[in-house]
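The structure displayed is predicted, hence computed values, not measured ones. Numbering of ligands and ligand atoms starts at 1, following listing order.
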Amino acid sequence: MTAKILDGKALAQKLRADFKRRAERLTAQGARPGLAVILAGGDPASRIYVRNKVDACEQTGIRSEKHVYPAGAEQSALLDRIAELNADPAIHGILVQLPLPGNCDAGTILGAIAPEKDVDGFRAENVGALMLGSPRFIPCTPRGVMKFFEEADIALEGKEAVVVGRSNIVGKPMAMLLMRAGATVTVCHSRTRDLRAHCRRAEILVAAVGKPKMITGDMIRPGAVVIDVGINRLADGKLCGDVDFAPAREIAAFITPVPGGVGPMTITMLLANTLESAERAAGSGR
Ligand code: NDP
């Protein structure tokens, strides 16, 4: 079996065309959606992520503003800026690019974002709302993964799903969404005893670890849906995922590539969350 590729670029493009129309509608009402991105420190990967997010906003008709701080910036300067953005009616989403420099406490900074502008869905109120089944903002990466299932008509109810990774931004919300969709979910992590055995059972396998090619072909159940969230840079500069793509592709039924899989969908869901926030603020729903 050669797996069907779940093409994140193509799906992102399709969704963004609809978002553009919605952004135009809001703009015509005088309520143009706006996203503020805060970048602190000089992490090169963060700069690229921020540039991609700002470009994606631009292409979709969402106004974006970038607030850049040097590595030694005071935490109070970031908090002051967040307070201003919280009060700014032209801003519907605030995103703080992680990681932050060592002198800034991510919990304090993220906790300062108004819950109704927390488009990453990282604040405790929004995590709790997701857990209780009435989410306001679903974290972008797991939301993007769910879009793949929807688009490819992959049923989740009753399925054995295994999520490798238990981070707050990917693994945990991913598990929550799969559970809500009716899957039976196992979450694996660095202390899991027999990772291979768990993965082999998975009809839906989501890898979100950050270790190149750690999910080998023999860990995949024939016919599985394999979602590779990992982004790893190899010594030759090329990107690869957490899944050993070539052998996995011959065993799985569906697989996401890296690059061009989950990555474009993460940014696309940031646009979705910002747009929905602006629609809520304008009272227009959809
Ligand atoms: P974290 O480092 O926060 O979490 C990694 C998780 O992997 C942890 O739960 C850790 O377990 C687990 N883990 C580590 N080693 C093993 C192992 N040997 N076996 C099983 N589990 C293990 O990473 P993130 O969740 O933030 O990101 C994961 C990957 O996804 C990264 O490559 C990141 O770059 C990528 N990413 C991609 C995005 C996209 O848009 N495509 C968006 C966000 C992230 P423990 O908790 O026990 O330490």
| said: So, taking the atom named CG in Leu177 and the one named NZ in Lys172, what distance separates them when rounded to the nearest 0.5 Å? | reply: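 Going from CG on Leu177 over to NZ on Lys172, the span is 14.5 Å.
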Check for me, please, whether [X] and [Y] land in the same ILVMFWY cluster - side-chain distances under 4.5 Å, paths through other members count.
X: Ile255; Y: Met214; result: yes
X: Leu271; Y: Tyr49; result: no
X: Leu85; Y: Leu275; result: yes
X: Val170; Y: Ile227; result: yes
X: Ile154; Y: Met174; result: yes

Protein contact to [atom] [nearest heavy atom, distance to 0.1 Å]:
atom: atom 11 (O) of ligand 1; value: Ser190 N, 3.2 Å
atom: atom 21 (N) of ligand 1; value: His189 C, 3.1 Å
atom: atom 40 (O) of ligand 1; value: Thr266 OG1, 2.7 Å
atom: atom 17 (C) of ligand 1; value: Met214 CE, 3.9 Å
atom: atom 8 (C) of ligand 1; value: Arg166 N, 4.0 Å
atom: atom 44 (C) of ligand 1; value: Val170 CG2, 4.0 Å
atom: atom 31 (C) of ligand 1; value: Gly210 CA, 3.7 Å

Ligand-side contact atoms (ligand 1) for residue partner [X], heavy atom cut-off under 4.0 Å:
X: Thr141; answer: 40 (O), 42 (C), 43 (C)
X: Gly263; answer: 40 (O), 41 (N)
X: Gly165; answer: 6 (C), 7 (O), 9 (O)
X: Lys211; answer: 14 (C), 15 (N)
X: Ala208; answer: 5 (C), 6 (C), 7 (O), 28 (C)
X: Val209; answer: 5 (C), 7 (O), 13 (N), 14 (C), 15 (N), 16 (C), 22 (C), 28 (C), 29 (C)

| Check: Val262 main-chain N/O paired with Thr266 side-chain donor or acceptor under 3.5 Å |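 It does hold such a pair.
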| query | Is Asp120 reaching over with its side chain to a backbone N or O of Cys140, donor-acceptor style, under 3.5 angstrom? | reply |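 No; judged by distance alone, with no hydrogens or angles, the pair does not exist.
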Judging by distance only, is a nitrogen or oxygen of [X] under 3.5 angstrom from one on ligand 1?
X: Val229; value: yes
X: Ile231; value: yes
X: Asp242; value: no
X: Tyr49; value: no

| query | Which of these passes side chain to side chain donor-acceptor pair (under 3.5 Å) with His198: Arg200, Arg196, Arg201? | reply |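 Checked Arg200, Arg196, Arg201 against His198; only one passes side chain to side chain donor-acceptor pair (under 3.5 Å): Arg201.
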Examine the proximity of ligand 1 to [X] and report which part, side chain or backbone, both or neither, has a heavy atom under 4.0 Å away.
X: Ile169; result: side chain
X: Val164; result: side chain
X: Met265; result: neither

Output yes when [X] and [Y] qualify as a salt bridge under the 4.0 Å nitrogen-oxygen rule, no when they do not.
X: Glu160; Y: Arg221; answer: no
X: Glu279; Y: Arg22; answer: yes
X: Arg21; Y: Glu24; answer: no

| task | Look at atom NZ of Lys213 and say whether more than 12 heavy atoms of other residues, nucleotides or ligands are closer to it than 6.0 Å. | result |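 For Lys213, atom NZ is not crowded (no more than 12 foreign heavy atoms under 6.0 Å).
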| said: Given Pro259, Ser167, Pro99, identify the one with the heavy atom nearest to atom 4 (O) of ligand 1. | reply: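 The nearest heavy atom belongs to Ser167.
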